[in-house]
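Working notes, structure below.
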There are 2 protein chains.
Amino acid sequence: MDREIVHIAIVEDDHEIRQTLNLILDGSKGFSCKYAFPDAESAIASIPNLPVDVVLMDIDLPHKNGIEATRELKRKCPSIDFIMLTVQSDDDSIFESLCAGASGYLLKDTNPVDLLVHIKEVFNGGSPMSSQIARRIINSFRIIDNPLSERETEILKLLSQGLNYKDVAQEVFLSPHTVKTHIKNIYSKLHVNNRAEAIYKAIKQKLI
Amino acid sequence: MDREIVHIAIVEDDHEIRQTLNLILDGSKGFSCKYAFPDAESAIASIPNLPVDVVLMDIDLPHKNGIEATRELKRKCPSIDFIMLTVQSDDDSIFESLCAGASGYLLKDTNPVDLLVHIKEVFNGGSPMSSQIARRIINSFRIIDNPLSERETEILKLLSQGLNYKDVAQEVFLSPHTVKTHIKNIYSKLHVNNRAEAIYKAIKQKLI
DNA sequence: AGCTGTATACCCCGTATGATGTATTTTAAA
DNA sequence: TTTAAAATACATCATACGGGGTATACAGCT
């Protein structure tokens, strides 16, 4: 099963990089690279009709950027894997790319041999990324700190499920008055004035 | 700066694995492994007082598991990096570990040479993980599908910021009546009856 | 012994909210 | 070109909600 050929497409506006990548990839055993596009528009128009397994996508493209292109193409062709290949390594680019459907995120200074390895990895269901980039993603999982007490967290969770004062009170065997007091305290601790904002903040800070 | 020695601690209940790892790591140039613990409790008691850079943590430990141990230790010693070293690769274990503060997640069948490389990576601010595990993490970023219109999304975002009918109406130059109608439609599309649940669902599905 | 935080419980009050309707216009797809 | 979806707007009504208070009891910390 490792003998299968991986069919690749490149989307990259820089003529030289595009040509170089194309030659390297198409010349390597087990790889085929017959398609290269200089912009998002032509890629979006053509790729859905091509027998492609993996797309190498630059982020900085002339009109429409590579993240948008990935979003549209991934919607049309969910089985194609996308690897972002870019100079940008800021958090926003990384997360947007992943949300758009990218399966890998590599920097352009990755050497050709590693690139081939990474393309194989994606093709076999992996997600290659430098360990520096992996760290940024992992850091997004951490909880900063939790000002809420256990009781308050419990109540906030129930509120996020759509329960009202009375229902929450019944659920946790408390007086509705007490629940109200807890909610007031939650608002004050999170510096918000209503339920909507409280839940938003709590989720963003991974409190619930 | 690559000449610095990485000080390692191991937490692993299996006697043989612990000894083997200990010998390999301590015998390698640039690495020092003087501490090995068979359970979470002893590790939690000792590690805060030891000069340790990286901890290799097994998940399956006798009483308290490795994820809990990581959570407690990371809280006490934020500068120590934790690598989970385990046979389990289920989604829950991965995400819980990362939320608990782990910086890497490797399977036990990782060969010793790679393990050394990965420890170096963590020490230098990276996050090593197999590309299979990376893929699972990345998949958690994807959006399933968005039933909301642009206008509705816009309004829901404003609601999550804590704005009320009137404020939203002003913000988007609409009649409060219209905003109310949009909100009704949002609730119906998300199958909820109130703001709290709507925001909770919307965030969980990455709609806002 | 005093302080702080948490958990519990109650009161009043004005208003924002959600449910249930009707209705027109614009836009996009079939 | 008809149809459907989206966006716009308004009315009524019971009630859930948030802000303002006050109060007791118990925990841990200093």
Side-chain angles (χ1 to χ4, degrees), chain A residues 44-45 48 68 71-72 75-76 143-203 205 207-208, chain B residues 48 72 75-76 143-203 205 207-208:
Chain A
I44 292 170
E68 261 318 306
R71 198 189 316 280
E72 292 185 34
R75 193 160 40 77
K76 288 187 198 161
I143 296 162
I144 301 94
D145 81 331
N146 189 343
L148 301 182
S149 72
E150 273 189 42
R151 202 45 148 180
E152 288 162 350
T153 305
E154 185 185 12
I155 287 172
L156 190 52
K157 273 184 192 162
L158 292 171
L159 289 183
S160 76
Q161 251 73 84
L163 278 67
N164 62 22
Y165 285 141
K166 288 175 191 165
D167 294 339
V168 172
Q170 280 204 340
E171 194 69 29
V172 296
F173 307 108
L174 284 177
S175 149
H177 298 290
T178 308
V179 172
K180 227 178 164 180
T181 307
H182 281 304
I183 293 175
K184 273 192 290 193
N185 292 333
I186 292 169
Y187 292 172
S188 129
K189 284 183 180 181
L190 297 182
H191 309 293
V192 301
N193 309 305
N194 56 57
R195 212 157 286 205
E197 213 180 348
I199 288 166
Y200 182 80
K201 272 206 175 186
I203 298 178
Q205 297 176 219
L207 307 182
I208 57 173
Chain B
E72 292 185 34
R75 192 158 41 75
K76 289 186 196 163
I143 296 162
I144 301 93
D145 82 331
N146 189 343
L148 302 182
S149 72
E150 272 189 43
R151 202 46 148 178
E152 289 163 350
T153 306
E154 185 185 13
I155 288 172
L156 191 52
K157 273 184 191 162
L158 292 171
L159 289 183
S160 76
Q161 250 75 82
L163 277 67
N164 62 23
Y165 283 139
K166 289 174 191 166
D167 294 339
V168 171
Q170 279 205 341
E171 195 68 30
V172 295
F173 308 108
L174 284 178
S175 149
H177 299 290
T178 309
V179 173
K180 241 181 156 175
T181 307
H182 280 305
I183 294 175
K184 268 190 303 188
N185 293 332
I186 292 170
Y187 292 173
S188 130
K189 284 184 180 179
L190 297 182
H191 308 294
V192 300
N193 309 305
N194 55 57
R195 212 158 286 205
E197 212 181 348
I199 287 167
Y200 182 80
K201 273 207 174 185
I203 298 179
Q205 298 177 24
L207 307 183
I208 56 172

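Below, read A as the first sequence line, B as the second, and so on, with proteins coming before strands; counting in each chain starts at 1. Note that this is a predicted model, so its numbers are computed, not measured.
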* **Residue pair K157(B), E154(B): steps toward the salt bridge (Lys or Arg N to Asp or Glu O under 4.0 Å) verdict** => CA-CA 5 Å; K157(B) 273 184 191 162; E154(B) 185 185 13; over 6 Å; no

* Hey, does N193(B) reach any base, or is it just sugar-phosphate, or nothing, if we go heavy atoms under 4.0 Å? -> sugar-phosphate

* Would a distance-only check, ignoring hydrogens and angles, find a side-chain to backbone donor-acceptor pair under 3.5 Å from N185(B) to S188(B)? -> no

* Asked: Just how far, in rounded Å, is C1' of dT20(C) from CD1 of I183(B)?
  -> 16 Å

* dG21(D) base to K184(A) side chain: any donor-acceptor pair below 3.5 Å? -> yes

* After noting the C-alpha distance and the side-chain angles of S149(A) and E152(A), does the key distance pass the side chain to side chain donor-acceptor pair (under 3.5 Å) rule? -> CA-CA 5 Å; S149(A) 72; E152(A) 288 162 350; 3.3 Å; yes

* L174(A) side chain, from C-beta outward: closest of dA9(C), dT6(C), dG18(D) -> dA9(C)

* Given atom NE2 of H177(A) and atom P of dT8(C), what is their separation to the nearest angstrom? -> 14 Å

* Could you tell me whether T178(A) contacts a base, only the sugar-phosphate backbone, or nothing, with contacts defined as non-hydrogen atoms closer than 4.0 Å? => base

* Out of dA7(C), dA11(D), dA9(C), which has the shortest distance to the side chain of S149(A)? -> dA7(C)

* To do: Would you mind telling me which of dA9(C), dA19(C), dC10(D) lies closest to the side-chain atoms of K180(B)?
  => dA19(C)

* Any T181(A) side-chain N or O less than 4.0 Å from OP1/OP2 of dC10(C) -> no

* Counting side-chain heavy atoms from C-beta on, which of dT8(D), dC11(C), dG18(C) comes nearest to R151(B)? -> dT8(D)

* Asked: Under 3.5 Å, is there a donor-acceptor pair between the side chain of K201(B) and the main chain of V192(B)?
  -> no

* To do: Taking only the side-chain heavy atoms of H182(A) (C-beta and beyond), determine which of dA7(C), dA6(D), dA9(D) contains the nearest atom.
  => dA7(C)

* Structure fact -> Here the distance between atom P of dT8(C) and atom CZ of F173(A), to the nearest Å, is 13 Å

* Asked: For I155(B) and dA6(D), what is the distance between atoms CD1 and C1' respectively, to the nearest whole Å?
  -> 11 Å

* Which of these nucleotides, dT17(C), dA9(C), dT6(C), is closest to any side-chain atom of K189(A)? -> dT6(C)

* Using the six-membered ring of Y200(A), assess whether NZ or CZ of R195(B) lies under 6.0 Å from its centre and within 45 degrees of the ring axis. => no

* Asked: Could you state the CG-C1' distance from N185(B) to dT22(C), rounded to the nearest angstrom?
  -> 14 Å

* **For atom CG of L158(A) and atom C1' of dA16(D), their distance in whole Å** => 17 Å

* Starting at CD of E154(A) and ending at P of dT6(C), how long is that distance when rounded to a whole Å? -> 15 Å

* Round to the nearest Å and state the distance from L156(B) atom CG to dG18(C) atom P. => 12 Å

* Asked: Choosing from dG18(D), dC10(D), dC10(C), which nucleotide comes nearest the side chain of Y187(A)?
  -> dG18(D)

* Asked: Counting just side-chain N and O atoms, does Y165(B) come under 4.0 Å of either OP1 or OP2 of dT15(C)?
  -> no

